[in-house]
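Below, all heavy atoms of this structure are taken into account, side chains as well, without hydrogens, waters or symmetry copies. Each chain gets a letter, A, B and so on, in the order the sequences are listed, and its residues count up from 1.
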Number of protein chains: 2
Amino acid sequence: MKSTPRRGPGPLALAVLELLCERPMHPYEMQQTMRERHVNRMVKVTVGSLYHAVDKLERTGLIEATQTSREGNRPERTTYRITDEGRDVFADQLRHMTAEPADEYPEFDLAVGFLHKLDPEDALRQLHERTTAIESNLAAQQVWMDRLATQNLQPMYWINIRYRHAMWQAELTWIRDLVARLESGQINWPNCTPRTKLTVVHESAEETG
Amino acid sequence: MKSTPRRGPGPLALAVLELLCERPMHPYEMQQTMRERHVNRMVKVTVGSLYHAVDKLERTGLIEATQTSREGNRPERTTYRITDEGRDVFADQLRHMTAEPADEYPEFDLAVGFLHKLDPEDALRQLHERTTAIESNLAAQQVWMDRLATQNLQPMYWINIRYRHAMWQAELTWIRDLVARLESGQINWPNCTPRTKLTVVHESAEETG
DNA sequence: GTTCGTTTATTCGAAGTGGAGTATATGGCG
DNA sequence: CGCCATATACTCCACTTCGAATAAACGAAC
């Protein structure tokens with residue numbers, strides 16, 4: 001028995017379904033609406049992928065074309081609506097994405113894992129740059145959140161922003177702690193210590209496997 | 001201002017370079033070594049992608065073939081070593097990945113953003129499942145960290161595990177808080193309120209870049 | 001009234017991803 | 001010895017991603 005290789009709709013397809021839950025649209029309109037609602041902060045929305053996603057959703061019967069209209073001589077535009085099965089699959093996938101932590105591979109994990117390959121001052125400089133970037137990031141988010149708070153928008157419509165804010169905050173805290181530990185010498189740098197063994201390396205070339 | 005279109009080596013290619021910093025290897029050996037060192041927890045390592053990545057690294061001159069040997073009649077295996085330019089690019093990319101927060105799209109952000117599409121009890125059930133999953137996740141990590149602590153492995157070699165642990169912890173905390181707020185009725189569910197119309201969501205499109 | 005920039009809408013193709021498939025060697029077991 | 005499971009080591013191709021290219025319509029300025 002293999003580990004379920006079948007995949008439901010991806011993030012972009014899910015976003016499409018979400019829009020079509022409200023009302024039928026054609027792809028271009030979806031794109032605009034996603035921008036307006038800042039859905040593009042949660043999923044990568046690119047033209048090509050969008051049309052592809054829509055196409056696949058149609059092939060799998062989760063959405064269907066209602067009409068193809070043409071204004072003047074512009075490219076024909078096809079309007080789609082969600083099917084009943086589409087609604088079901090949407091809910092299922094959403095539940096799944098909520099309940100099951102996906103295994104993703106954030107780049108910073110890799111960077112942190114390889115950090116010992118830089119020399120300590122260099123690493124510290126880069127970490128410092130990152131904290132700065134995250135700080136301005138958080139500030140911008142804060143402004144936005146304040147704006148949203150003044151308007152009477154239902155909280156459930158923007159908890160995702162609060163979530164992201166919390167995560168950035170956590171990362172910032174962690175990095176600051178790491179920097180402090182490094183600067184105070186609580187963590188010593190592998191290459192600087194006498195008994196490094198794992199990473200002494202590479203003379204000139206010859207080594208037969 | 002366009003979003004920097006120039007791309008250095010991706011995560012997998014970076015991992016390859018990191019290995020080859022130590023000593024020459026052939027692709028299959030890289031794969032094994034990555035498994036042993038749990039690099040596969042930080043990057044998605046799949047055969048096809050690996051060979052492709054190696055191929056591209058060679059084409060761009062960041063690594064080069066040193067020898068192709070054959071044992072018996074097995075497929076030929078090509079051993080690669082890193083070039084000087086490879087080393088430079090590795091360091092550059094690592095610095096970049098450290099200093100600049102990448103914009104990635106974790107699935108849970110989307111799920112949280114769409115959560116209001118489920119009814120409240122359903123959403124709470126899914127969130128609860130997630131907390132459970134994360135808890136066991138954290139427990140497993142803790143065990144591993146304890147094991148590593150007993151061995152005298154340099155801390156810098158596993159701070160990435162600590163980092164991931166901290167991030168999971170933060171997510172868990174946030175979700176618990178959300179659940180608490182939802183259960184205590186501090187956040188009311190959109191559908192439960194007199195629904196004006198779902199189109200309240202969008203407002204001005206302009207904001208800080 | 002034509003030229004220029006923007007908006008409307010989609011197609012296309014190059015590049016990348018990922019897993020199944022291929023093919024040989026090796027080791028254990030009756 | 002014959003058989004099967006596993007390890008070694010890639011190759012292949014179906015699918016996905018994402019930005020460039022295409023192309024018509026619209027507004028407004030010269």
Exercise for the section: Check whether the ring centres of A:His165 and B:Trp174 lie less than 6.0 Å apart, and answer yes or no. Expected result: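 A:His165 vs B:Trp174: aromatic centres not under 6.0 Å.
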Problem - Strand contacts (DNA chain D) in residues 45-54 of chain A, 4.0 angstrom heavy-atom criterion - result: A:Thr46, A:Val47, A:Gly48, A:Ser49, A:His52
Would you call [X]-[Y] a salt bridge at under 4.0 Å N-O?
| X | Y | answer |
| --- | --- | --- |
| A:Glu135 | A:Arg176 | yes |
| B:Lys117 | A:Glu18 | yes |
| A:Arg23 | A:Glu29 | yes |
| A:Arg37 | A:Glu22 | yes |

Practice task
Using only side-chain N and O atoms of B:His26, determine if any of them is under 4.0 Å from OP1 or OP2 of D:dC10.
Solution key: yes
[atom1] of [X] versus [atom2] of [N]: gap in Å, rounded?
| X | N | atom1 | atom2 | value |
| --- | --- | --- | --- | --- |
| A:Leu12 | D:dC18 | CG | P | 9 Å |
| B:Tyr28 | D:dT6 | OH | P | 14 Å |
| A:Tyr105 | C:dG18 | OH | C1' | 12 Å |
| A:Met30 | C:dT8 | CE | P | 16 Å |
| A:Leu57 | D:dT16 | CG | P | 11 Å |
| A:Arg77 | C:dT11 | CZ | P | 14 Å |
| A:Gln31 | C:dT7 | CD | C1' | 11 Å |
| B:Asn40 | C:dG19 | CG | P | 13 Å |

Handout entry: Under 3.5 Å: donor-acceptor pair, side chain of B:Gln93, backbone of B:Pro9
Key = yes
Problem - 5'-most by nearest nucleotide on DNA chain C - B:Lys56 or A:Gln32 - result: A:Gln32
